Amino acid sequence: MPILVFDSGIGGLGVVAQLRALAPGVALTYLADNGFFPYGEKPDDILLARILDVVGRAIAHLRPQALVVACNTASTIALPALREAFSLPIIGCVPPIKPAAAASTSKTIGVLATAATVRRPYLSNLIARFAPACTVLSLGTPSLAELAERKFRGASVDVAPAIAPLFTQPGGEAIDAIALGCTHYSFLLPEFAALYPGISWFDPALPVARQTLSRLTPLPPLAETGQTAYFISETLPLPLLAPYGFNRAETCQW
Ligand code: DGL
């Protein structure tokens with residue numbers, strides 16, 4: 001019974017990398033609903049029904065011992081419904097507002113996320129709870145997740161036009177800490193940091209991995225086979241997935 005890590009594309013592989021680093025012996029299965037990418041641009045009701053359907057079929061087929069929703073867009077809309085529908089431990093992804101607020105000396109922080117995550121009450125509740133003393137400026141961008149997908153496949157990407165509006169909005173020049181509210185953005189951190197070297201960046205991948213492992217005792221052992229990454233549509237070439245510990249890549253037949 002592996003841990004199932006789920007995202008709309010490659011974003012959750014950042015969480016996988018942290019899980020592998022913290023617990024090299026752990027059995028992981030990956031599921032990318034890339035047939036419906038990008039989640040961040042889809043209406044809430046359609047997305048919720050889709051996530052319940054795709055995850056439900058995966059749970060029935062794979063019988064994982066835990067589910068990691070390694071996608072902020074999915075977590076902010078579907079966690080309560082998933083927890084109600086399925087009885088296994090479910091770990092979600094939260095934009096790291098709390099550490100960003102704690103690290104900020106200007107008390108102006110940024111949140112970079114998908115359009116869907118930025119407009120959800122889930123985010124405003126987090127901000128009210130964990131950053132009440134901060135000005136929080138958000139940017140919901142349609143293009144960064146796509147750029148992360150392209151970079152993963154080997155392209156060189158320019159993130160500057162997509163991220164600039166975060167800093168050009170009123171008060172944006174004071175931002176000194178940024179919470180990444182989309183797991184795809186972990187893959188663009190080198191580009192972000194090169195463009196804005198004075199900023200502290202907060203990536204949720206490591207906290208999500210730690211939280212996952214804290215929920216599981218004992219850990220599922222690594223299987224020689226079955227370290228499989230499943231894709232709803234286009235299956236990524238195995239050489240791109242091998243660094244994340246996968247030895248099979250398949251298109252879902254279920
Ligand atoms: N990885 C997803 C997230 O964390 C978003 C990508 C998408 O729009 O599908 O929000």
Side-chain angles (χ1 to χ4, degrees), residues 4-19 30-55 58 67-79 81-82 90-97 100 110-124 126-127 138-153 157 159 162-163 166 178-189 191-192 201-209 211-212 229-234 236 240-241 244:
L4 174 61
V5 181
F6 167 69
D7 182 37
S8 60
I10 55 101
L13 291 172
V15 176
V16 167
Q18 298 296 346
L19 281 168
Y30 194 73
L31 173 62
D33 183 12
N34 53 346
F36 216 56
F37 177 87
Y39 272 12
E41 298 299 306
K42 302 287 189 302
D44 289 11
D45 52 343
I46 293 174
L47 199 51
L48 180 59
R50 169 77 178 196
I51 292 166
L52 283 169
D53 176 46
V54 167
V55 169
L67 168 70
V68 183
V69 183
C71 172
N72 291 261
T73 310
S75 294
T76 53
I77 192 172
L79 276 181
L82 286 169
I90 299 180
I91 297 92
C93 233
V94 174
I97 303 288
V111 180
L112 267 183
T114 63
T117 295
V118 162
R119 70 170 177 260
R120 297 226 171 98
Y122 190 99
L123 184 64
S124 28
L126 271 182
I127 291 169
S138 306
L139 178 69
T141 142
S143 53
L144 284 174
E146 175 62 41
L147 290 179
E149 291 278 339
R150 278 198 239 148
K151 182 182 172 189
F152 191 83
R153 289 162 175 78
V157 295
V159 299
I163 190 175
L166 181 62
I178 294 183
L180 299 184
C182 171
T183 50
H184 275 72
Y185 303 171
S186 309
F187 292 89
L188 301 173
L189 259 176
E191 283 79 4
F192 294 155
W201 299 88
F202 293 86
D203 177 3
L206 181 58
V208 172
Q211 166 75 3
T212 303
Y230 291 96
F231 297 84
I232 298 286
S233 61
E234 174 216 352
L236 285 182
L240 291 180
L241 300 163
Y244 297 88

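Owing to the predicted nature of the structure, the values given are computational and were not obtained by experimental measurement. As the structure lists them, so they are numbered: ligands from 1, and atoms in each ligand from 1.
At a 4.0 Å heavy-atom cut-off, the residues surrounding ligand 1 are Asp7, Ser8, Phe37, Pro38, Tyr39, Gly40, Cys71, Asn72, Thr73, Thr114, Ala145, Cys182, Thr183, His184, listed by chain and number.
Evaluation of the salt bridge (charged side-chain N to carboxylate O under 4.0 Å, His left out) test over residues 36-49, restricted to residues two or more places apart or in two chains, returns Asp44-Arg119, Asp44-Arg120.
Every side chain to side chain contact (heavy atoms under 4.5 Å, CB included) that Ala81 has, sequence neighbours left out, goes to Leu48, Leu52. Under the rule for a side chain to side chain contact (heavy atoms under 4.5 Å, CB included), the partners of Glu191 that lie at least two apart in sequence or sit in another chain are Lys151, Val157, Val159, Leu188.
Tyr39 and Asp33 form a side-chain donor-acceptor contact under 3.5 Å, judged by distance and modelled atom types alone.
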Go through it in stages, so that I can follow the logic: the residues are Asp7 and Val15, the test is side-chain contact (heavy atoms from CB on, under 4.5 Å), and I'd like the CA-CA distance, side-chain angles, deciding distance and then a yes or no. CA-CA 10 Å; Asp7 182 37; Val15 176; over 6 Å; no
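A donor-acceptor contact shorter than 3.5 Å links the side chain of Tyr30 to the backbone of Leu13.
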